[in-house]
Amino acid sequence: MLASIQRIDWRNVDLRALAEPLAILSPLALIVSGQEFVMSCVALLFVLHSWRVRDFSWAREGWFAALLALWAYAFLRTLLYQPTATGVLTALQWIHFGLYAAALARWILPDQKSRDRLLYATAISLTFFACDALLQYFVGFDIIGRPAWQSRLTSVFRKPYVGIEIAWLYLPALLGLWQKGNTLLAAAFGCVCAAAVLMSGDRMGLLIFVCSGLLAGLAYPALRKPFLFFLPVVVVIAGALLLYSPTMYQRQVASTLDVIEHVDRSHYGIIFNSALDMARDHPVFGVGVHGYQAVCLEERYGPPLVGPDQLPRCEGHPHNIYLLWLVETGAIGLIGFIAFAVLSLAAVIRSARANAANAIFYGLAATLVMRFWPLAAGTSFYSSWSAEPMFLVLGWVMSYCRPAWLKVASEGQGAIAFGSDQTSPPEAAMSLEATVEAVPDTVTICLTSCGRHDLLKRTLDSFRALHSGGKFLISEDSGDPAVVAQVKAAYPDMTILSGSERLGLMRSIDRLYSAVETPYLFHLDDDWLFDRPVDWRSAIAVLETRDDIANVAMRYFSEVKKKYHPRSDPLTVNGASFRVMHRDAHPEVFGWSHSPGLMRTKLYWTYAPFGRMRHDQLSGLIKREGGREAYFIPGVAHHIGLKRTVTDPTLPARPTFKPAKWLRWMKKRLYYAGLRTEPF
């Protein structure tokens with residue numbers, strides 16, 4: 001095994017392929033107390049990736065810059081004035097919370113599939129917590145045999161954290177299930193979570209659960225009718241459970257009202273007052289990170305045990321996140337944390353209009369608002385079990401917020417809402433100012449087809465409406481004589497290449513490209529819709545002036561996953577705009593592709609036959625030998641064959657069973673990470 005590890009070329013390891021599964025498993029990591037490992041690994045891989053591509057533009061975003069400044073100040077203050085080993089280490093390491101959120105926002109979650117997987121992972125995790133807590137309530141112990149903690153539910157936690165954990169994460173999962181059409185599943189999920197939070201005995205958890213739901217329901221118009229239906233159901237269930245359990249009624253209702261009425265004499269009130277006394281004595285710089293508990297025990301702040309129940313006056317933290325920053329880092333630290341909160345919420349507010357149809361966004365936003373709610377009693381900022389849900393939500397919602405440094409849309413793509421769930425339109429309207437371009441004599445149009453005559457017709461009709469002339473070669477790989485005859489009859493002016501057996505994509509391309517006699521060829525599949533003509537002069541100029549560019553792609557750049565947009569460099573040739581992809585934007589993709597694009601014919605003969613490898617392997621080989629792919633901005637063609645994929649006889653059949661799909665996905669991630677020799 002050691003020899004296998006040593007053979008790995010770590011320079012070409014796809015760091016994102018390693019980080020993505022960890023990020024998606026973030027909610028599930030809470031079950032096994034693995035959240036610190038997950039956050040640290042994702043943060044480290046993200047920093048390594050950013051260093052590799054020399055791109056730290058994400059650090060200029062307001063919320064992260066404020067957090068970074070707060071971290072630097074807190075660390076220096078703790079290091080330089082009355083340092084303790086625990087305080088310095090705590091102050092040094094917590095920045096990985098913010099790096100983890102930035103990785104989610106700008107590296108992992110711009111991919112819609114990753115968002116969907118995280119949504120389901122969150123729903124599964126919370127369903128486990130809720131069911132395990134209810135099991136603990138009705139049976140007396142949870143799935144691992146842990147009993148309740150002083151009549152409060154814990155699930156797998158050592159202390160009664162389960163209620164607040166569910167309250168911190170349930171809303172985006174609930175609204176995500178509802179938005180995807182799983183209405184009954186969403187309702188069942190919401191009811192189970194509500195019951196678990198109520199029975200957990202966590203008063204703050206119940207308050208956050210209710211208030212975040214109310215906030216999202218008021219802010220998002222489409223939620224108002226479902227909310228009006230769901231609210232009475234929750235009230236009935238809550239009333240029944242409280243009636244069934246007088247203990248829970250005493251904890252959730254009677255004791256809450258008593259605390260509100262006598263807040264200054266309550267345990268929380270006494271802790272808050274002690275913290276304020278300490279802040280008055282250390283107003284500017286505070287007592288240092290992790291210095292609260294030691295200073296709090298000084299006699300001038302009162303006896304260690306207070307109240308009729310002789311409860312400790314000094315816990316490990318002041319039980320309020322704003323008081324924590326005020327006491328430990330003074331007014332400077334508190335201002336820094338408020339700046340971080342304000343800039344985070346400002347970015348969310350600015351993106352609200354672009355996400356007007358996205359219920360998940362509003363669920364995340366409402367949850368984030370409640371995490372920054374200044375009057376909440378809570379745990380320490382530095383506790384990973386608390387920080388992971390907070391920064392998970394922060395990174396998740398920021399993935400829907402367009403950062404100022406991403407300016408791809410301004411380069412001619414049109415108004416594309418960053419982070420929205422909308423894809424490019426399946427049909428493209430012909431540009432009114434589009435002109436007809438003549439195909440140069442130096443270019444051969446090479447088109448692969450496989451029995452999809454209706455798509456082939458739409459492709460060629462849209463292409464020929466915008467282009468005149470041109471020599472066309474079509475490789476028809478259906479292996480069906482009737483289909484071949486139909487294509488020949490429809491396009492008598494084109495050369496049709498075919499055979500009695502199917503070859504698969506790459507061998508079909510070999511048959512096609514080997515017949516080309518011009519210095520350039522334009523590859524085209526049978527499932528594209530053109531709404532603009534190809535700028536032949538500029539595309540050829542790119543190939544003539546840039547030896548490193550192997551292929552000039554004409555697909556709309558907006559159809560490329562948004563996470564890859566920043567991984568490209570701008571290029572202008574003859575007044576036309578292009579984006580040249582970084583070689584490490586992906587371990588294999590973006591060296592060559594079979595989407596519409598112009599290439600040198602000699603490139604084929606350099607790597608012929610193409611049929612000896614898959615298309616992504618060939619692309620990776622071309623990149624390793626110096627090739628890059630450039631995209632014409634904004635593009636000229638939309639993909640229209642997404643739901644009409646044809647099986648390739650040279651590749652394993654795609655699985656239809658869900659677990660098999662997940663296994664295939666995991667194998668491919670390991671392959672891209674360099675840990676497997678074949679993806680399937």
Side-chain angles (χ1 to χ4, degrees), residues 12 439-450 456 470-479 484 487 494-528 534 536 539-540 542-555 580-581 583 586-631 646-652 671 677-680:
N12 293 321
V439 179
D441 294 337
T442 55
V443 176
T444 300
I445 310 300
C446 298
L447 195 152
T448 59
S449 181
C450 189
L456 175 64
K471 178 181 179 181
F472 289 78
L473 300 178
I474 299 179
S475 178
E476 173 52 57
D477 194 39
S478 63
V484 174
V487 173
M494 302 182 186
T495 301
I496 313 301
L497 308 175
S498 62
S500 58
E501 295 182 356
R502 292 194 57 204
L503 301 178
L505 174 64
M506 300 303 282
R507 291 169 62 197
S508 182
I509 288 176
D510 282 326
R511 178 168 60 191
L512 196 59
Y513 288 5
S514 61
V516 174
E517 298 176 350
T518 55
Y520 300 101
L521 65 87
F522 185 81
H523 182 90
L524 186 58
D525 289 337
D526 60 358
D527 55 356
W528 294 89
V534 175
W536 301 106
I540 291 174
V542 169
L543 295 176
E544 288 179 342
T545 58
R546 290 284 297 266
D547 292 337
D548 62 325
I549 293 179
N551 184 61
V552 181
M554 293 293 166
R555 181 179 193 170
V580 182
M581 305 305 298
R583 288 198 184 96
H586 186 280
E588 292 186 336
V589 181
F590 303 127
W592 170 85
S593 70
H594 58 92
S595 61
L598 187 71
M599 57 178 277
R600 306 174 189 87
T601 304
K602 69 177 182 180
L603 180 77
Y604 169 69
W605 294 109
T606 301
Y607 295 97
F610 280 15
R612 60 195 169 98
M613 62 186 78
R614 298 188 321 276
H615 68 276
D616 47 0
Q617 286 179 321
L618 174 64
S619 175
L621 174 61
I622 290 173
K623 283 205 304 180
R624 287 193 295 275
E625 297 188 358
R628 303 172 73 179
E629 187 171 30
Y631 277 82
V646 178
T647 59
D648 190 323
T650 65
L651 297 176
Y671 167 73
T677 56
E678 289 294 331
F680 310 118

Show the nearest heavy-atom pair for residues Ala553 and Glu629, with the distance to one decimal. CB-OE2, 3.6 Å

Inspect the surroundings of CG in Asp441 and state if more than 12 heavy atoms from other residues, nucleotides or ligands are less than 6.0 Å away. no

Shortest non-hydrogen pair, Gly591 vs Lys623, comes out as CA-CG, 3.3 Å

Can you confirm whether Ser619 sits close enough to Phe590 that some side-chain heavy atom of one is under 4.5 Å from a side-chain heavy atom of the other? no

Quiz question: by atom type and distance under 3.5 Å, do the side chains of Arg511 and Ser475 form a donor-acceptor pair? yes

Is the side chain of Asp548 donor-acceptor paired with the backbone N or O of Arg628 at a distance under 3.5 Å, no angle test? no

In a check of side-chain contact (heavy atoms from CB on, under 4.5 Å) between Tyr520 and each of Val552, Thr444, Leu543, which one passes? Leu543

Test side chain to side chain contact (heavy atoms under 4.5 Å, CB included) applied to Trp592 and Leu603, step by step: CA-CA 10 Å; Trp592 170 85; Leu603 180 77; 4.2 Å; yes

Under 3.5 Å donor-acceptor, Arg507 side chain and Gly504 backbone: no

What's the separation between atom CD1 in Ile445 and atom CG in Leu524, rounded to the nearest 0.5 Å? 7.5 Å

Report yes if the side chains of Ile509 and His523 come closer than 4.5 Å at any heavy-atom pair, otherwise no. yes

Rounded to the nearest 0.5 Å, what separates atom CG in Leu618 from atom CE in Met506? 4.5 Å

If I take atom CD from residue Glu476 and atom CG from residue Asp526, how far apart are they, to the nearest 0.5 angstrom? 7.5 Å

Of all heavy-atom pairs between Val580 and Arg546, which one has the smallest distance, and what is that distance? CG1-NH2, 4.1 Å

If I take atom CZ from residue Arg583 and atom CD1 from residue Ile622, how far apart are they, to the nearest 0.5 angstrom? 12.0 Å

Least distance between heavy atoms, Val646 atom then Cys450 atom: CG1-SG, 3.6 Å

Among Tyr607, Tyr604, Trp605, find the residue that satisfies the ring-ring contact (aromatic ring centres under 6.0 Å, His included) test when tested with Tyr513. Tyr604

Closest approach of Cys446 to Val516 (non-hydrogen atoms, all atoms of both residues): SG-CG2, 3.4 Å

Leu512 and Thr448: side chain to side chain contact (heavy atoms under 4.5 Å, CB included), yes or no, with the steps? CA-CA 8 Å; Leu512 196 59; Thr448 59; 3.8 Å; yes

Between CG on residue Leu521 and CG on residue Leu598, distance to nearest 0.5 Å: 7.5 Å

Please report the shortest heavy-atom distance between Ile496 and Val484, naming the atom on each side. CG2-CG1, 4.5 Å

Quick check: do His594 and Leu505 have side-chain heavy atoms less than 4.5 Å from each other? yes

Could you state the interatomic distance from CD1 (Ile474) to OG (Ser508), rounded to the nearest 0.5 Å? 11.0 Å

